[in-house]
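For reference, the structure is listed below as structure tokens.
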Amino acid sequence: MSFSRIARSITPSATLALNARAARMRAAGEPVIHLGGGEPEGLAPPSAIEAGIAMLRTGQVRYTPATGTPAMKDAIIAYTERFYGRRPGRDNVMASAGAKQAIMVALLALVDPGDEVVFPVPYWVSYPDMTRLAGGVPVPVRPADGSFQPSLRDMEEALTLRTRAVLLNSPNNPSGAVYDEEFVRGMVRLCEERDIHLLMDDIYHRMVFDGNAAVNCYACTGRELDEARIVVLNGVSKQYAMTGFRIGWAVGPAALIRAMGNIQSHLSGNPSALSQHAAVAAVADERDSVRELCTHLERHRNVMMELLAGIPGLGVNVPGGTFYGLCDFSRFDADSHRLSEHLLEKVQVVTVPGVEFGMEGHLRLSFCGPLSEVREGVRRIAWLLDPHGPAELEAGGRVFRR
Ligand code: PMP
Ligand code: GLU
């Protein structure tokens, strides 16, 4: 059997594969600790659930316009006005089946075979494969100083005549780094000068700690939405704990949104009517559940980082946002897949290998789960990595041996 070049060039999403593996182990009764997760542990807002149930009861769950219902578009418009200070028109916004699909249709609308898409390292796991799916060439840019803050100069050097898009994700998955204003402002200017689209993956933009805030890209340009080269990607997955609803969105120049909508109309048609209805209720909910989520996550971050700092030889980088940290484990094993597998096998702790994000020698640890799991996960890791520790560890009703 032979498959297409695209099928052969794409690898499965490592994060989703690990989620599935952790779920299988749990179902089999294993005392697994999941520090590889990518979703808040809380429930979707009651307003969203109620809206979904009410709609289901009507039995009127039909096709909607491919780019979303008028109510969904108005919710995206209101959200953008509230958090970015810009009021887009309905033709500047579209809903998708998750931010993932919004990013994908943006790339399909911008990239021709051989065109380049530039993004800083570490990058979200799907960017290289999404770029390849669109026929493009991924160009990861590694900060020369080894930090998680990309430099404007490194990024500028990576831009060529083939660059069609730059992808930025701040706060960043997997590092939790929040890019500073000078950098974002500089990228907006560079992309405007060179007519390159800047895709701002803002899915964690309200999950920032220590009283800080993510940079508002629209505050970095004097241009109107249709003239700016900015596309903002977001959704309800993370901020409203609605990952399984699969609702994301894009805000951008009307001409590009139209092209993206055309592609989506053939790809999946509309995002789920039911989920759009629930998402509208979540976005309109005045109760600030995101602030609560943030306070909760900040506490988890503090606990995890403090415990990790107690492991000699581990390189800890304190995340400024999201619910992930990317730590340097290279003193223990430079091969992140091997180390991640070792942790899973020996102490049943799920982590994500850093190489999936372009950072070999690192592991991504999530602190979105219960605090007891955060503590227990780090306790098991610390035991396994300590060459002078006891030969056995009791955990989850089991005795682990080296
Ligand atoms: N971007 C980043 C950086 C992410 O971590 C995720 C994770 N799910 C997504 C986009 C996609 O989110 P979704 O499709 O669930 O809206
Ligand atoms: N974005 C999350 C993560 O990075 C969820 C998994 C995925 O969509 O790939 O873990």
Side-chain angles (χ1 to χ4, degrees), residues 10-23 34-41 44 68 72 76 79 94-107 117 119-131 133 148 167-179 199-208 214 231-251 264 267-268 271-272 275-276 278-279 282-283 297 319 321-326 340 350-359 362-369:
I10 302 298
T11 54
S13 160
T15 43
L16 291 184
L18 277 163
N19 274 342
R21 191 161 166 199
H34 193 10
L35 300 186
E39 51 194 345
E41 60 174 315
M72 184 73 235
I76 301 168
Y79 184 95
M94 67 180 280
S96 276
K100 217 172 211 173
Q101 190 175 46
I103 299 169
M104 193 62 234
V105 290
L107 292 174
V117 177
F119 42 81
V121 176
Y123 47 76
W124 182 44
V125 65
S126 288
Y127 293 165
D129 280 308
M130 285 172 145
T131 302
L133 264 179
F148 297 150
L167 255 166
L168 295 185
N169 171 223
S170 166
N172 179 263
N173 176 3
S175 70
V178 185
Y179 298 166
L199 309 186
M200 296 293 301
D201 182 344
D202 273 10
I203 191 120
Y204 301 100
H205 82 126
R206 294 172 66 204
M207 296 183 187
V208 180
V231 186
V232 172
L233 292 320
N234 206 335
V236 296
S237 283
K238 314 289 172 173
Q239 48 185 334
Y240 301 108
M242 290 172 71
T243 47
F245 284 78
R246 310 307 305 128
I247 294 294
W249 61 76
V251 181
Q264 182 162 287
L267 210 58
S268 60
S272 152
S275 294
Q276 287 185 66
V283 173
L297 290 173
T322 72
F323 36 72
Y324 314 102
L326 190 65
S340 178
V350 182
T351 56
V352 187
V355 71
E356 298 291 341
F357 310 98
M359 290 296 288
H362 290 63
L363 294 178
R364 188 189 79 175
L365 305 176
S366 303
F367 46 89
C368 54

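Remember, predicted model here, so these are calculated numbers, not experimental data. One-based numbering along the sequence shown. Counting starts at 1 for both ligands and their atoms, in listed order. Values reported hereafter were calculated over all heavy atoms of this structure, with side chains retained and with hydrogens, waters and symmetry mates removed.
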Next item on the list: Measure the distance from atom 1 (N) of ligand 1 to every protein heavy atom, then report the residue, atom name and distance (to 0.1 Å) of the closest one.
Entry: Asp201 OD2, 2.6 Å

Notebook entry, point to check: Hey, does Thr243 come in under 3.5 Å of ligand 1, counting only N/O atoms on both sides?
Noted result: no

Next item on the list: Determine, step by step, whether Asn172 and Tyr123 satisfy the side chain to side chain donor-acceptor pair (under 3.5 Å) criterion, reporting the C-alpha distance in whole Å, the side-chain angles of both residues, the deciding distance to 0.1 Å, and the verdict.
Entry: CA-CA 8 Å; Asn172 179 263; Tyr123 47 76; over 6 Å; no

Note to self: With no hydrogens and no angle check, just 3.5 Å: does a side-chain donor-acceptor pair link Glu39 and Ser237?
What the structure shows: no

Notebook entry, point to check: At a 4.0 Å threshold, what atoms of ligand 1 neighbour a non-hydrogen atom of Asn173?
Noted result: 3 (C), 4 (C), 5 (O)

Notebook entry, point to check: Which heavy atom of the protein is the closest neighbour of atom 7 (C) of ligand 1, given with residue, atom name and distance?
Noted result: Lys238 NZ, 3.0 Å

Check: Looking at atom 9 (O) of ligand 2, what's its closest protein heavy atom, distance included?
Finding: Thr15 OG1, 2.6 Å

Notebook entry, point to check: Does an N or O anywhere in Ala99 fall below 3.5 Å from an N or O of ligand 1?
Noted result: yes

Check: Counting from 1, what ligand 1 atoms have a heavy atom of Gly98 closer than 4.0 Å?
Finding: 14 (O), 16 (O)

Notebook entry, point to check: Are Glu39 and ligand 2 in contact, using a heavy-atom cut-off of under 4.0 Å?
Noted result: no

Margin query: Which of the numbered atoms in ligand 1 are under 4.0 angstrom from any heavy atom belonging to Asn169?
Written below: 3 (C)

Notebook entry, point to check: So is Arg246 close enough to ligand 1, meaning a heavy atom under 4.0 angstrom away?
Noted result: yes

Notebook entry, point to check: Just which atoms of ligand 2 are under 4.0 Å from any heavy atom in Lys238?
Noted result: 1 (N), 2 (C), 5 (C)

Notebook entry, point to check: Which of the atoms of ligand 1 are close to Ser237, meaning less than 4.0 Å from one of its heavy atoms?
Noted result: 13 (P), 15 (O), 16 (O)

Check: Quick one: nearest non-hydrogen protein atom to atom 10 (O) of ligand 2, plus distance?
Finding: Arg364 NH2, 2.8 Å

Next item on the list: Would you mind checking which non-hydrogen protein atom is closest to atom 6 (C) of ligand 1, with the distance to 0.1 Å?
Entry: Trp124 CZ2, 3.4 Å

Next item on the list: Assign the ring pair Tyr79 / Trp249 to parallel, tilted or perpendicular, where the plane angle (0 to 90°) is split at 30° and 60°.
Entry: perpendicular

Note to self: Between Lys100 (side chain only) and Ser126 (backbone N and O only), is there a donor and an acceptor less than 3.5 Å apart?
What the structure shows: no

Next item on the list: Output yes when a side-chain donor or acceptor of Arg364 lies under 3.5 Å from a complementary backbone atom of Tyr324, and no otherwise.
Entry: no

Item checked: Identity and distance of the protein heavy atom lying nearest atom 12 (O) of ligand 1 -> Ile203 CD1, 3.6 Å

Margin query: Tell me whether Ser340 contacts the main-chain N or O of Thr351 through its side chain, where contact means a donor paired with an acceptor under 3.5 Å.
Written below: yes

Next item on the list: Below 4.0 angstrom from a heavy atom of Lys100, which ligand 2 atoms are there? Numbered from 1 as shown, please.
Entry: 7 (C), 8 (O), 9 (O)

Check: Side chain of Ser96, backbone of Ala99: donor and acceptor closer than 3.5 Å?
Finding: no

Notebook entry, point to check: Is Tyr127 in polar range of ligand 1, meaning some N or O pair under 3.5 Å apart?
Noted result: no

Margin query: Under 4.0 Å from a heavy atom of Ser13: which atoms of ligand 2 are those, numbered in the order shown and with their elements?
Written below: 9 (O)

Checklist line | Expected output: side-chain Asn169 to main-chain Asp201 donor-acceptor under 3.5 Å | finding: yes

Margin query: Can you confirm whether the side chains of Gln101 and Ser268 place a donor and an acceptor under 3.5 Å from each other?
Written below: yes

Next item on the list: Specify side chain, backbone, both or neither for Thr243, according to which of its non-hydrogen atoms lie closer than 4.0 Å to ligand 2.
Entry: neither

Next item on the list: Take Thr15 and Glu356 through the side chain to side chain donor-acceptor pair (under 3.5 Å) test and state the conclusion after the steps.
Entry: CA-CA 9 Å; Thr15 43; Glu356 298 291 341; over 6 Å; no

Check: Between Tyr204 and Phe323, does the ring centroid distance fall short of 6.0 Å?
Finding: yes

Notebook entry, point to check: Tyr324 heavy atoms, cut-off 4.0 Å: which ligand 2 atoms fall inside?
Noted result: 2 (C), 3 (C), 4 (O), 10 (O)

Notebook entry, point to check: When rounded to the nearest 0.5 angstrom, what is the spacing between CE in Met242 and OG in Ser275?
Noted result: 7.0 Å

